[in-house]
Amino acid sequence: MMKELTTRYVCSQCGRIEVKWLGRCPDCGSWNSFTEEVVKKQGKSGKKQLVSDTNKNQTVALSEIEIGEDFRYSSGISEFDRVLGGGIMRGGTVLLGGEPGIGKSTLMLQLLGSIKNRSVLYVSGEESPGQVRSRAQRIGVPLDSVSLFNDTRLEPLQEILSRDRYDVVVVDSLQTLSSEELPSAAGSVNQLRLCTMELVDAAKKAGSALFFIGHITKEGQIAGPKAIEHIVDTVLYFEQAGSGVRIVRAVKNRFGSVDEIGIFLMTEKGLVSVPDPAGFFLSERTEGSLPAGISFTAVVEGSRTFMVEIQALVIPAKSGYSRVYSERIDTARVTRVAAVLERHAGLTLSDKDIYVNVAGGIKLSEVSIELPLALAIHSAATSRPLPATLVSMGELSLAGEVRPVSYGEKRVKGAIDMGFSTILAPSSMPLEHHASMLRCERIDEAVGKLEKLPRTIGKHP
Ligand code: TYD
Ligand code: MG
């Protein structure tokens, strides 16, 4: 049967669909991002049916819907279950994106090897069967338990999915797959979208959980994972923090929260979970006092609290104007905090370059890091170290006020558990009183209170 074809235009950055080509995407503002896509004409309803199409035109009470016992099950990797929101969902579709070489294939192969009593399939279009086998052997994946389909064609894969109904399928990678029905090359937006939609459809019907691996570049330029984020249930991104540390973060999850992160270490035997990260990101130090420019804070990610070290360096500007260099904390936030310090804490920073880093390389995006960030920059600019036992938290307003943040008690407990003893928190934050707790309302008050403390109190935990 001949299928009718129709042409449309898709933004390779955000996936917006237009009937005519546009120079600039009205949604995401990208230029020249629309590419032509040839698609099969839809049925009469005009809408592609992605979920099971039984019981059309009928409603059903939620209580009458049956959920099998194995609706959600463990992947066998605790940190991965955590980011998934509790485990693998039957029929759930997941995109795992990340830069080349970060460990996507390794993690997915380990995943297939650690799932108990399920049929699992690894689809590889990137590596030869020999390469897959030798990697699996090296990282200790039981070879008998994983099947391999070494191909890049969509149609035979669809057939396998509906015939063999594997419990879990990993597609490595999305960019190598292509359908013979489209003239465009593998990796183009058209191919990506068609292959994803077709496979999601096949997986939902077969009850298979489907994991797609997608490459992204540092600049995020390559057409790809972004354009299919809305088709899958869960989107995970792999990020590198420090040389061996890998963090998996959910940016979308229909089946759980996106607060939890998974922390792994890359070793010669593959990725190893880091289940207790409380002090994992702190640098080792032996002396009691700190160098100038370092401050500590407690970060809450989902159910866990861990300590991080913010480092700042302030030097005369190399060019005529001030610049901020910061990869782990948003540059705009550093610039704003520096402006607040300049206006409200008497520092001159407009002729300085400011460098900011986070030990262990983890990215920080919580507002609660603004006070500790300000203290690190202040300490660097004045060459006065902060007390080694100090932990601070708070948001900074443009008017120089220190504002309360969420999870106060959790942060205080996390800090005390790790051996920190001096807590600096906003006055308006409801916190149980604690022997060496300092309170402040404004940034200048915070700096003033710390100046009065001996620099070397306590020993750094
Ligand atoms: P890989 O999973 O191939 O990355 P991706 O699929 O995201 O491109 O992993 C690539 C890197 O991980 C590679 O440079 C080597 C390193 N690695 C280890 O350190 N230990 C291991 O056990 C494995 C399998 C890989
Ligand atoms: Mg790979």
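When reading the values below, keep in mind they use all heavy atoms of this one structure, side chains included, and skip hydrogens, waters and symmetry mates. Whatever order the structure lists ligands and atoms in, that order sets their numbers, starting from 1.
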Which residue and atom name correspond to the protein heavy atom nearest atom 4 (O) of ligand 1, and how close is it? G103 N, 3.0 Å

Applying a 4.0 Å heavy-atom criterion (strictly less than), which segment of K104 is in contact with ligand 1: side chain, backbone, both, or neither? both

Full working for salt bridge (charged side-chain N to carboxylate O under 4.0 Å, His left out) between R249 and E301: CA-CA 10 Å; R249 216 181 263 283; E301 294 274 5; 3.5 Å; yes

If you scan protein heavy atoms around atom 20 (N) of ligand 1, the nearest is T267 O, 2.7 Å

Test of understanding: given a 4.0 Å heavy-atom threshold, classify the contact between K269 and ligand 1 as side chain, backbone, both, or neither. backbone

Are any of the N or O atoms of G101 closer than 3.5 Å to those of ligand 1? yes

I'd like to know whether the aromatic ring centres of F306 and F281 sit less than 6.0 Å apart in this structure. yes

Establish whether atom 24 (C) of ligand 1 and some protein heavy atom are separated by less than 4.0 angstrom. yes

Please determine whether the number of non-hydrogen atoms from other residues, nucleotides or ligands lying under 6.0 Å from atom OH of Y407 exceeds 12. no

For atom 19 (O) of ligand 1, what's the nearest protein heavy-atom neighbour? Residue, atom name and distance, please. M266 CG, 3.3 Å

Only one of I310, I377, L386, I294 passes side-chain contact (heavy atoms from CB on, under 4.5 Å) with P372; say which it is. I310

Numbered in order shown, the ligand 1 atoms found under 4.0 Å of a heavy atom of I139 are 22 (O), 24 (C)

Nearest-neighbour protein heavy atom for atom 9 (O) of ligand 1, which is reported as residue plus atom name and distance: T106 OG1, 3.4 Å

What part of P100, side chain from CB on, backbone N/CA/C/O, both or neither, has a heavy atom under 4.0 Å from ligand 1? backbone

Between R411 and E366, does any side-chain N to carboxylate O distance fall below 4.0 Å? yes

Answer yes or no: is there a donor N or O on one side and an acceptor on the other, between the side chain of R403 and the main chain of E395, under 3.5 Å? no

heavy-atom search around atom 22 (O) of ligand 1 in the protein gives G270 N, 2.8 Å

Look only at the side chain of K252 and the backbone of E229, and say whether a donor-acceptor pair between them is shorter than 3.5 Å. yes

Determine whether a donor-acceptor pair (N or O, by modelled atom type, separation under 3.5 Å) exists between the side chain of S208 and the backbone of Y166. yes

Does E370 come within less than 4.0 Å of R336, counting only side-chain N to carboxylate O? yes

Would you say the side-chain atoms of E126 and S173 include a donor-acceptor pair closer than 3.5 Å? yes

Closest non-hydrogen protein atom to atom 6 (O) of ligand 1, residue and atom name please, with distance? S105 OG, 2.7 Å

Is S173 close enough to the Mg ion (ligand 2) that one of its N, O or S atoms comes in under 2.8 Å? no

Contact check: E268 vs ligand 1, nitrogen or oxygen atoms, below 3.5 angstrom: yes

Is ligand 1 under 4.0 Å from a heavy atom in the side chain of D172, in the backbone, in both, or in neither? neither

